Each structure stands twice: as structure tokens, then as C-alpha cells.
Amino acid sequence: MKLCVALDLHSAKENLAIVEKLSGIDLWFKIGLRSFIRDGWKFVDQTRRVSGAPIFLDLKLHDIPNTTADAAAEIADRGIEMFNIHASAGTKAMEAAMNRLHGLSRRPIVLAVTALTSFDNTEFMAIYNSPIEKSAIDMAKLASGAGLDGVVCSAHESAAIKTAVSDRFLTLCPGVRFNGGGDDQSRVATPEIAKEQKADFIVVGRPILSAPDPRAIARSLAHGL
Ligand code: C5P
């Protein structure tokens with residue numbers, strides 16, 4: 001299991017200070033909406049220059065097939081190691097993206113977002129009219145059928161998804177908390193549970209970013225996983 005640290009801080013300067021603080025630890029960095037919208041590709045390049053760690057671009061593409069495929073091609077062109085597409089964009093959008101990436105000498109890992117870890121079952125039901133675990137498994141099957149490499153899901157769905165699809169199908173799990181408190185996350189799990197549930201990646205943001213010693217936590221997580 002790999003650690004992926006979410007760079008979600010208030011400024012590029014603060015994010016880059018964390019990147020520097022965590023240098024030399026075997027991990028990935030996740031650049032998501034806040035940082036990308038504010039600081040763009042310049043920040044992606046700066047992160048690479050400071051750390052050399054692989055980058056997960058968490059933009060959660062959700063659009064019609066042609067637009068999704070165009071965006072996927074632009075992301076791949078920048079040498080990003082991993083990005084994601086909402087499974088709810090549909091099979092055609094996911095397939096269009098994978099077809100566009102087909103034939104590249106090195107393509108990024110592509111994950112499908114299943115059910116956001118902030119959803120509880122009631123909120124999810126109100127939108128999708130189906131229980132979370134069933135939908136997450138159904139979405140994972142669609143993503144696998146479309147040729148994607150894995151899914152974003154909570155640790156609680158990870159093992160069931162692997163049983164339904166394949167052990168080699170990747171699961172990346174946000175919503176990691178050490179002691180229960182979840183902020184806006186609902187389906188939280190400790191790193192130990194994520195490991196038991198066979199997660200390939202855990203994404204950790206605030207529990208590392210707001211810790212008194214982020215390097216100590218990241219190191220113990222990266223080494224213990
Ligand atoms: O601070 P925290 O550990 O909750 O950060 C989790 C990160 O993972 C955030 O950047 C959030 O956008 C992202 N994420 C998530 N749930 C998903 C996909 C991404 O929490 N399903």
C-alpha cells in the first residue's frame with residue numbers, strides 16, 4: 001500500500017513547504033481542485049522539481065466522451081502518473097479516454113471515482129437511488145470493462161471491489177483518519193483497516209497537513225504500509 005499526500009493547503013508556498021518537508025519519503029502527491037485551479041500547471045511542475053515523487057492529478061473528470069478524452073490526452077501529454085474520471089460520466093466517456101491514451105509509450109494510471117467518501121448512505125441514496133456498496137461495485141465493474149486501472153473508493157468497499165473485479169484492479173482510498181474524527185468525510189477508516197481491506201493507495205490530507213510534525217506521520221505511514 002502506497003501513501004498519497006493531498007496538497008490542499010491555502011497557497012502554493014505552503015504546499016511546496018510540505019513537499020520539501022516530506023522529501024525522500026516513498027510517497028505520491030495528490031494535486032486536486034483547490035491547488036490546480038489556483039496554481040495550475042506551474043504548481044505541478046514546481047512540485048515535481050522539489051520532490052520528483054509521482055503525481056496523482058485529482059480533477060475528477062466528468063463530461064461527455066469527446067471532452068473527457070481530450071482532457072485525458074492533455075493530462076497524459078504533461079507526463080502525469082495518475083488521474084481520475086467519474087464513473088458516473090459513463091462507460092462511453094471512460095472508454096473514449098482510454099482509447100485516446102491507447103498506444104502511448106507510457107500512459108498514466110486511470111482511476112474511476114465511485115462514491116465520494118463524504119457521502120453517507122442517505123445522501124448517496126437521494127442522488128443515485130442505490131446503496132453505496134452496491135453502486136461502488138457496479139461502478140468498478142463498468143470502469144474495469146472500459147479498461148481503467150482501478151477506482152477511488154472508501155476503504156470499506158475496497159476488498160469487495162477486488163473480489164468482484166480482480167485483485168489486480170487498483171483501489172485508492174481517501175477518508176483516512178487515525179482516531180475517528182472525519183471533518184467532512186463520512187466513510188472514514190484507519191490506515192490499518194485500509195490495509196486489511198487491500199487498498200493499494202491511501203490518500204491523506206488534513207491528518208498530515210495539520211499535524212505538528214507532518215514528516216514523522218508521513219514517514220511512519222509510508223514505512224508501516
Ligand atoms: O483532508 P482529507 O484527508 O480528507 O483529504 C482527502 C482528499 O482526497 C481531498 O483532497 C479530497 O478532495 C480527496 N478525495 C476524497 N474523496 C474522493 C476523492 C478524492 O476525499 N472520493
Side-chain angles (χ1 to χ4, degrees), residues 1-12 14-15 18-19 22 27-39 43-44 47 53-62 75 80-89 94 109-121 123-124 127-128 132-133 135-140 143 148-158 160-161 170-194 197 199-212 214 217-218 221-222 225:
M1 190 163 83
K2 288 274 179 202
L3 170 65
C4 186
V5 175
L7 296 173
D8 289 337
L9 288 170
H10 308 274
S11 67
E14 285 168 277
N15 277 330
I18 283 280
V19 171
L22 303 187
L27 47 68
W28 286 59
F29 285 112
K30 181 179 93 67
I31 297 177
L33 289 174
R34 180 186 201 181
S35 297
F36 192 78
I37 287 170
R38 188 187 54 221
D39 303 316
F43 174 63
V44 175
T47 303
I55 291 184
F56 167 33
L57 192 63
D58 179 23
L59 298 184
K60 303 185 180 69
L61 306 182
H62 193 169
I75 290 169
I80 289 294
E81 283 82 4
M82 180 158 71
F83 73 96
N84 53 3
I85 302 172
H86 266 284
S88 324
M94 292 191 281
I109 295 170
V110 188
L111 304 178
V113 179
T114 57
L116 295 175
T117 40
S118 55
F119 281 137
D120 60 19
N121 214 35
E123 192 182 8
F124 190 83
I127 301 168
Y128 293 92
I132 288 180
E133 182 167 326
S135 292
I137 290 172
D138 290 346
M139 287 178 187
L148 276 72
D149 305 293
V151 286
V152 183
C153 61
S154 91
H156 303 290
E157 294 111 39
S158 171
I161 285 173
L170 301 173
T171 58
L172 174 142
C173 304
V176 171
R177 291 296 180 274
F178 306 128
N179 49 18
D183 306 303
D184 58 343
Q185 300 282 19
S186 292
R187 300 189 335 281
V188 297
T190 60
E192 292 75 24
I193 291 177
Q197 296 297 313
D200 295 285
F201 293 86
I202 50 169
V203 173
V204 186
R206 286 161 288 184
I208 287 181
L209 302 176
S210 58
I217 297 197
L221 274 175
L225 300 177

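Everything numeric here is computed off the predicted structure, so don't read it as measured data. Both ligands and their constituent atoms are indexed starting at 1 by order of listing.
Of all the atoms in ligand 1, the ones that sit under 4.0 Å from a non-hydrogen atom of D8 are 9 (C), 10 (O). Contact atoms of ligand 1 toward P207: 3 (O) (distance under 4.0 Å to a heavy atom of the residue). Near V203, with a cut-off below 4.0 Å to any heavy atom, the atoms of ligand 1 are 7 (C), 8 (O). Heavy-atom contacts of R177 reach the following atoms of ligand 1: 1 (O), 2 (P), 3 (O), 4 (O) (cutoff under 4.0 Å). Interface of G205 with ligand 1, defined as ligand atoms under 4.0 Å from a residue heavy atom, comprises 1 (O), 2 (P), 3 (O), 5 (O). Under a 4.0 Å criterion applied to the non-hydrogen atoms of P174, ligand 1 contributes the atoms 8 (O), 14 (N), 15 (C), 16 (N), 17 (C), 18 (C), 19 (C), 20 (O). Contact atoms of ligand 1 toward R206: 1 (O), 2 (P), 3 (O), 4 (O) (distance under 4.0 Å to a heavy atom of the residue).
Ligand 1 has no atom lying under 4.0 Å from any heavy atom of G175.
In V152, the part holding a heavy atom less than 4.0 Å from any atom of ligand 1 is the side chain. Contact annotation: for L209 versus ligand 1, there are no heavy atoms closer than 4.0 Å.
Taking the six-membered ring for Trp and thresholds of 30 and 60 degrees, W28 and F201 have ring planes more than 60 degrees apart, a perpendicular arrangement.
Between D184 and ligand 1, no pair of N/O atoms sits closer than 3.5 Å. For V113, no nitrogen or oxygen atom sits less than 3.5 Å from a nitrogen or oxygen atom of ligand 1, counting backbone and side chain alike.
When all heavy atoms of A136 and T114 are compared, the closest pair comes out as O-CG2, 3.8 Å.
By the side chain to side chain donor-acceptor pair (under 3.5 Å) test, S135 pairs with S130, sequence neighbours left out. Remark: D138 pairs with K134 by the side chain to side chain donor-acceptor pair (under 3.5 Å) rule, at least two apart or across chains.
A salt bridge links K30 with D58: the distance from a Lys NZ or Arg NE/NH1/NH2 to an Asp or Glu carboxylate oxygen falls below 4.0 Å.
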